[in-house]
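The block underneath contains the structure these notes are about, expressed in structure tokens.
Note: hydrogens, waters and symmetry copies are ignored here, and every other heavy atom, side chains too, is used. The first residue in the sequence is number 1, and the count goes up from there. Order of appearance sets the numbers: ligands from 1, and atoms from 1 within every ligand.
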Amino acid sequence: MHLSSILPAAAALLATAPVVAAKGNMGFALGDKTPTGACKSQQDYVDDFKAIESASGATIVRIYAASDCDTAKNILPAAKAQGFQVVLGIWPDTDESYAKDKAAVVTYAPQYASQVYAVTVGSETMYRGNFTGDQLLAKIKDVKSAVPQFKVGTADSWNKFQDGTADPLITGGVDILLCNGFSYWQGQKITNATASFYDDMLQAWGHIQALAGDKIELWVGETGWPSAGSKYQNAVPGTQSAATFYSEAFCGIIDWGYNAFFFEAFDEPWKPLSVGQDGSVADETHWGAMNADRTAKYSLKC
Ligand SMILES: *[C@@H]1O[C@H](CO)[C@@H](O)[C@H](O)[C@H]1NC(C)=O
Ligand SMILES: CC(=O)N[C@H]1CO[C@H](CO)[C@@H](O)[C@@H]1O
């Protein structure tokens, strides 16, 4: 789809929403480890929040596993001190991680209720084939019944919301859905990356809204572009391309009135190499909008 045909589609979607006057909310995905791979302390999160707010103005982050590195315990007091909100994650892939993360949410979220924006159960679990929509819905309902005062949903790749996999969630009463879209991992050139990203999101959100109207709060859960690392098909990392993707795709969708999390706040040099969809080995240490020392790589204001 060309951008010229995307914009009317976006306008149509916007027209069906109540009134989208203001910009959307801007947030960042945040890791739970320091550059050396140690677990972050409460003070590390305070320093992260100061850097994020001063560079971008954002005051919301998402984390992935509430008990891993005692994240919920450490991040929520820091969020309270700095006026931040957090989307807490539960990692449901094993029964053990699910039980531990759920327990951490149940323990700490009510103590810091104003700091908890929502709870996500799973990150790309349908994309990985780990759960069907019905299996994931059962987990989400279990968490919702434990913390009914919070919005509960999941985050997954945009195509799982577009292709019907997530229909049980969409029609099953979840509060919030985060849709991830990476033009980079679709092997797009930077010149087509913004159009490809908008097209992905509109397909996902269009399908969700066709089934659920505006009952579900929608966010971009992750998007971004690495400043360094290995090529992926036609996608080439680089600071200039990362800056272009940030200002055009990420700020663009926020300017339209949609909410979006950028992946991710800071580079994570401790991360091991990972294997991409086509089997190629990828370096995922340079996806930060900021360097590991918390300096911005390019302008982060939208
Ligand atoms: C550019 O992105 C659009 C929208 O996703 C896609 O349909 C098109 O195939 C892409 N162009 C190229 C050359 O890949
Ligand atoms: C419920 C379920 O299928 N969990 C599996 C998800 O994937 C992890 C690792 O890939 C398995 O260990 C779990 O058993």
Please work out, at 4.0 Å between heavy atoms, whether the side chain, the backbone, both, or neither of Q188 comes within that distance of ligand 1. side chain
When you look at CD of E96, are more than 12 heavy atoms from neighbouring residues, nucleotides or ligands closer to it than 6.0 Å?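 No, the 6.0 Å shell around CD holds no more than 12 heavy atoms from other groups.
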Which of the atoms in ligand 1, numbered in the order shown and given with their element, are less than 4.0 Å from a heavy-atom of [X]?
X: S196; value: 2 (O), 4 (C), 5 (O)
X: N192; value: 1 (C), 2 (O), 3 (C), 8 (C), 10 (C), 11 (N), 12 (C), 14 (O)
X: D199; value: 4 (C), 5 (O)

If you measure from the Lys or Arg side-chain nitrogens to the Asp or Glu carboxylate oxygens, is any gap between D95 and K102 under 4.0 Å?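 Result for this pair is no, no salt bridge flagged.
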Going by atom type alone, with no hydrogens or angles, which donor-acceptor pairs under 3.5 Å involve a side-chain atom of residues 79-92 and a protein atom two or more places apart or on another chain?
from: Q85; atom 1: NE2; to: S114; atom 2: O; distance (Å): 3.0

Using the ring-ring contact (aromatic ring centres under 6.0 Å, His included) definition, which of the options Y246, F28, W185 pairs with W287? W185
